[in-house]
Amino acid sequence: MKRTEIKSLLSTAPEEQTVTVMGWVRNFRSNRFIILNDGSTINDLQVVVDFENFDENLLHQIKTGSSIKATGKLVASQGSGQAVELICEELHLFGAADASEYKLQPKQHSLEFLREQAHFRMRTKTFGAVFRIRHAIAYAIHKYYNDRGYYYLHAPIITGSDAEGAGEMFHVTTFEPNEAPLNEDGSINYKEDFFGKATNLTVSGQLQAEAGALALGKVYTFGPTFRAENSNTTRHLAEFWMIEPEVAFFDITDNMDLAEDFVKYLINYVLDNYPDDLAVLDQRIQQLEKNMKTEDRRPMGLIETLRFVVDNEFERITYTEAINILRNSKPYKKGKFQYDVEWGKDLQSEHERYLVEKKFSKPVIVVDYPKDIKAFYMRLNEDGKTVAAMDVLFPGIGEVIGGSQREERLENLLARMEEMDIPEEELWWYLELRKFGSVPHAGFGLGFERMVLFITGMGNIRDVIPFPRTPKSAEF
RNA sequence: UCCUCCUUAGCUCAGUUGGUUAGAGCGGUUGACUGUUAAUCAAUAGGUCCUUGGUUCGAGUCCAAGAGGAGGAGCCA
């Protein structure tokens, strides 16, 4: 079917050329103006109909949500709300949308309500913008790494090891519940299962990415990951996407440089290529905050915030410095923190938020954490107490990136695994990477949805993935 | 998993110290309208007050349990 997309029409000089458009009706005003959107852009095309030229029954079915084809002449608009419009000569209805039943009517809907209408919510301006930007970020990720000589490595979705330590896992099995063969001690005999062993959905592609980096030099993974944690927050999903670059001959400083350059590139890409979508999301937030108290409002608008992040260096501090800053902070001295600040304990959300939002007012990278609160594969520093781990903290979201220089020395890795009770047999192949041609290397994981959350300015991670998977929720 | 709050019309919400026939705006429907911008105007329909049990002469309102949702915490990305 031949059609012209509204995106290209809106940037075309109107010369009474005949064009055909197809899309979904947003509104039909004054028995004369069809507001049409086809998803190619956030902006709509106004289709002008002269009701004397069309069948009354046909016009009667032009309702919000119905889908049509319109052919006519593109002209300069007489109205002030748009530059061009289509004078309709032929009109065809693809699919009606009974207004008495269709849930998305021309009015404000709450995000919670639209979450229950996930199959339709992409037709709204807000979610249209969110998912166009989500696409843009995904594309920019591949472009960034490809342009710099990285290889896209596909890590497995089903994994055989459960020693990655990144959270509760979803089991993968072909056994029917209650019909699984048992061992003599009553445990399930996975030797008879599909893979001949217990398997799970991946929680991270990092270990496999390390194998890739130690052959291809620079790799990244970008795929879905799964966590069966019972997390009910605006920042967690049971199924989410993660980007994990892994680079040979990289130390922790190289790793921080990459992380900062990478996220700035993503933000710049969206600023440069999706200004209309960002503007609508920006306005939406301002509208929302109009009735809020000044102290509850965001310090800057969305686009302003994004520009600020790309124009400023991220603050880089060590964990030890962070602890000192926190212990000398006003909220600490006044006893405002709910959790204690003590070297050796992990930073709590309230502490991270103080550093990012109050102390530095910009993204912060914290490095060199105590070894006991970090994963087994992170490289031990000279001091013997800390590891070369880094977290990138963003305002409003917290941890967006977690990464480290990996322990490439076999004896150190074995010692850590023993301390943390991680069975060597499970990770024999990971250990062999250290036995044969081991090199210093580093990498990190970026939570894709958290990045989309930050760039779109949305408040809930369930609103930046098309069909969210959270505890007690897997509709659609 | 823990804490707090919420659940009344399609949506967003009001509903007084427990009291007789549960309201508004938006949306819908019907009609009018050939330059509207969330069009406007007129008329009109629409309710298992989340579920179950309890207290009471009487429960949308009070109590208990359950279900669902939201926010925060923990865990993390």
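Lettering follows sequence order; numbering is per chain, from 1. Just so it is clear, the model here is predicted, and its values are computed rather than measured. Because only heavy atoms are used, hydrogens play no part in the values below, and waters and symmetry mates are left out as well, while side chains stay in.
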Applying side chain to side chain donor-acceptor pair (under 3.5 Å), can you list everything that pairs with [X], at least two apart in sequence or on another chain?
X      : value
A:S404 : A:R406
A:T386 : A:N381, A:D383
A:S40  : A:D38
A:N53  : none

Quiz: residues 7-15 of chain A side-chain donor-acceptor pairs under 3.5 angstrom, not counting sequence neighbours:
unit_1	atom_1	unit_2	atom_2	d
A:S8	OG	A:E5	O	3.0
A:S11	OG	A:S8	O	3.2
A:T12	OG1	A:S8	O	2.5

Let's see if you can work this out: which of B:A38, B:G27, B:A73 has an atom nearest to the side-chain heavy atoms of A:Y339?
B:A73
Please lay out, stage by stage, how A:L347 and A:I323 fare under the test side chain to side chain contact (heavy atoms under 4.5 Å, CB included).
CA-CA 8 Å; A:L347 300 177; A:I323 293 292; 3.9 Å; yes
To check you understand the geometry: which heavy-atom pair defines the closest contact between A:Q208 and A:A155, and what is its length?
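What the structure gives for the nearest pair is CB-CB, 4.5 Å.
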Work out how far the [atom1] atom of [N] is from that of [M], and round it to whole angstrom.
N     : M     : atom1 : value
B:G28 : B:A70 : P     : 27 Å
B:G46 : B:U30 : C1'   : 15 Å
B:G54 : B:U48 : P     : 23 Å
B:A65 : B:A9  : P     : 25 Å
B:C13 : B:U21 : P     : 28 Å
B:G19 : B:A59 : P     : 11 Å

It should be established whether [X] places a side-chain nitrogen or oxygen under 4.0 Å from OP1 or OP2 of nucleotide [N].
X      : N     : value
A:Q348 : B:G74 : yes
A:R462 : B:G71 : yes
A:Q105 : B:G28 : yes

Using residues 459-469 of chain A as the side-chain source, report each donor-acceptor pair under 3.5 Å to any protein atom, sequence neighbours left out, with the distance given to one decimal.
unit_1	atom_1	unit_2	atom_2	d
A:N460	OD1	A:R462	N	2.9
A:R462	NH2	A:T233	O	3.3
A:D463	OD1	A:R115	NE	2.8
A:D463	OD1	A:R115	NH2	3.4
A:D463	OD1	A:R121	NH1	3.1
A:D463	OD2	A:R115	NH2	2.8
A:R469	NH1	A:E475	O	3.2
A:R469	NH2	A:F476	O	2.8

Within residues 467-476 of chain A, residues whose heavy atoms come under 4.0 Å of RNA chain B
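A:K472 - these, ordered by number, are the residues of the stretch whose heavy atoms sit under 4.0 Å from the strand.
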Among residues 52-76 of chain A, which contact RNA chain B at a heavy-atom distance under 4.0 Å?
A:E52, A:H60, A:K63
Using the benzene-type ring in the case of Trp, are the ring centres of [X] and [Y] under 6.0 Å apart?
X      : Y      : answer
A:Y144 : A:Y269 : no
A:F337 : A:H351 : yes
A:Y145 : A:Y152 : no

Which residues share a ring pair (Phe, Tyr, Trp, His ring centres under 6.0 Å) with A:H441, sequence neighbours left out:
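By the ring pair (Phe, Tyr, Trp, His ring centres under 6.0 Å) rule, A:H441 matches no residue at all.
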Between A:R148 and A:Y265, is NZ or CZ placed under 6.0 angstrom from the six-membered ring centre and within 45° of the ring axis?
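Satisfied, under 6.0 Å and within 45°.
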Going by centres under 5.5 angstrom and planes under 30 degrees, do the aromatic ring of A:F240 and the base ring of B:A77 stack?
yes
Salt bridge (charged side-chain N to carboxylate O under 4.0 Å, His left out) contacts touching residues 329-342 of chain A (sequence neighbours left out)
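Passing the test, one end in residues 329-342 of chain A: A:E342-A:K345.
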Across nucleotides 40-52 of chain B, 5' to 3', mark each nucleotide with B, S or - according to how protein heavy atoms within less than 4.0 Å reach it.
-------------
Reckon A:N232 touches a base, only the sugar-phosphate, or nothing at all at heavy-atom distances under 4.0 Å?
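The answer is base, as A:N232 lies within the cut-off (heavy atoms under 4.0 Å) of a base atom.
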Output row for RNA chain B, stems defined as at least 3 consecutive Watson-Crick or G-U pairs under 3.5 Å, is B:1-7 with B:67-73, B:10-13 with B:23-26, B:28-32 with B:40-44, B:50-54 with B:62-66
